[in-house]
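Just so you know, ligand 1 is whichever comes first in the structure, and atom 1 is the first atom listed for that ligand.
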Amino acid sequence: MRGVFLPGGRQVDLRDVAEPTPGPGQVVVAMRASTICGSDLRAIYREHLGSGPEAYCGVVGGHEPSGVVVEAGPDCRRFSVGDRVALYHIAGCGVCADCRSGYMISCTSPVRAAYGWQRDGGHADYLLAEESTCVGLPEPLTFVDGACVACGFGTAYQAVWRADVSGRDAVLVTGLGPVGLAVGLLAGALGSRLRIGVDTVESRRRLALELGAVDVALAADEAAVDAVRDQTGGHGCEVAVDCSGSTAGRQLAVLGTRRWGRCVLVGEGARLEVDASPALIHPQLTVIGSWVTSIGRMEELVELLVRWDLHPERVVTDRFPLDQAAAAYRTADEGRAGKVVIVMDKPGR
Ligand SMILES: [Zn+2]
Ligand SMILES: [Zn+2]
């Protein structure tokens with residue numbers, strides 16, 4: 001079968017690798033969609049700068065996989081051949097407190113391995129997966145929807161869940177990449193009637209408006225804080241979610257949060273730099289760091305997406321077949337597109 005490797009330095013290698021065989025509690029999933037995440041670009045594609053949970057171990061890339069189970073190993077208890085699944089992208093030890101609460105992302109056991117980082121991921125014809133990381137994908141949702149949920153939409157849902165977003169809240173989204181778009185769409189589904197998006201890139205602001213992910217899109221410049229306050233009667237937003245991962249974006253998220261509001265940090269990398277008293281203490285802010293999601297919350301999201309008739313696929317702007325993975329990564333790396341997906345049209349075994 002074919003598998004895509006990311007040796008660093010913006011290289012993408014398509015190689016022939018052996019087809020996997022499932023062991024006990026494992027399934028083989030014929031890949032149908034595998035989306036590219038900002039973390040793939042930041043910590044693997046450009047250069048291998050991750051360590052610990054972000055160390056890339058020379059495996060098949062792709063941590064947002066979705067497809068059809070084509071083989072189930074012994075002792076599988078829930079999923080079987082023909083089931084459509086999306087993958088929670090980390091297999092944990094299964095027995096630590098974090099794993100038991102579904103947050104395999106936070107597992108610190110040496111056996112913890114993330115697809116596309118420490119074990120083979122979804123940029124391939126087939127994926128060897130732990131049954132315990134499979135999430136059933138109900139029929140109205142597409143495989144591309146499933147791939148988007150595997151990391152990006154799951155992470156976005158966790159952020160709005162942590163902030164308890166409702167129709168009472170104006171929501172500020174700093175950074176309108178795929179995760180920012182997801183936050184805007186999910187905040188809207190939860191009832192927010194004013195979602196303000198900010199980005200430095202004009203094409204991303206336009207896309208966010210076109211998709212209905214935000215109600216207002218503002219340029220990220222020195223006037224942005226005042227512009228956010230102007231939109232909210234001088235107060236700022238009850239909830240802000242930083243998806244930019246930049247120092248400036250985070251600062252804007254904090255300063256654009258209303259007194260007693262909640263500010264969630266999701267975008268990775270860089271630093272948070274604010275004057276503590278005027279920015280955090282006097283406005284009585286709650287600042288929340290939020291990393292990915294739990295598999296239980298991911299299952300909840302899949303159910304809600306069906307109920308809301310909300311297809312994450314909406315944020316996808318570019319599709320490539322597996323043998324054009326290099327072009328897919330180049331497009332994603334330009335930072336002007338929405339979500340970029342690798343699709344496999346070939347039906348499973
Ligand atoms: Zn990711
Ligand atoms: Zn664990």
Side-chain angles (χ1 to χ4, degrees), residues 4 6 25 33-46 48-50 52-57 59-66 86-123 127 129-133 135 144-159 175 177-183 186 241-245 264-269 289-298 301 312 315-316 328-329 332-333 335 337-342:
V4 169
L6 302 166
S34 181
T35 36
I36 296 174
C37 175
S39 298
D40 294 320
L41 302 170
R42 178 178 52 81
I44 305 178
Y45 175 67
R46 292 173 196 146
H48 297 174
L49 48 73
E54 286 200 334
Y56 174 67
C57 300
V59 296
V60 173
H63 67 268
E64 303 185 337
S66 178
L87 277 298
Y88 181 88
H89 68 267
I90 303 110
C93 72
V95 289
C96 72
D98 293 302
C99 283
R100 283 176 171 172
S101 59
Y103 287 91
M104 283 90 90
I105 181 70
S106 303
C107 174
T108 53
S109 160
V111 304
R112 173 202 192 274
Y115 300 114
W117 297 86
Q118 297 90 30
R119 61 183 283 168
D120 288 337
H123 297 344
L127 171 74
E130 304 303 314
E131 184 193 28
S132 60
T133 61
V135 171
V144 177
D145 288 332
C148 289
V149 166
C151 174
F153 265 73
T155 298
Y157 182 56
Q158 181 79 12
V179 175
L181 296 175
V183 166
L186 294 169
V241 183
D242 176 65
C243 305
S244 76
V264 189
L265 306 181
V266 170
E268 298 246 24
S290 184
W291 193 25
V292 188
T293 189
S294 68
I295 192 167
R297 187 130 300 109
M298 188 174 147
L301 172 60
V315 307
V316 170
Y329 268 85
D333 192 37
K339 194 76 168 167
V340 178
V341 61
I342 296 169

Residue His63 atom name (nearest to the Zn ion (ligand 1); N/O/S) | NE2
Does a donor on one side chain sit under 3.5 Å from an acceptor on the other, for [X] and [Y]?
X	Y	value
His123	Tyr115	no
Arg297	Tyr103	yes
Trp291	Gln158	no

Have a look at the Zn ion (ligand 1) and estimate, to 10 degrees, the angle subtended by SG (Cys151) and SG (Cys37).
-> 120°
For the side chain of Asp98 and the backbone of Ser101, is there at least one donor-acceptor N/O pair under 3.5 Å apart?
-> no
Kindly report the SG-the Zn ion (ligand 2)-SG angle for Cys96 and Cys93 respectively, rounded to 10°.
-> 110°
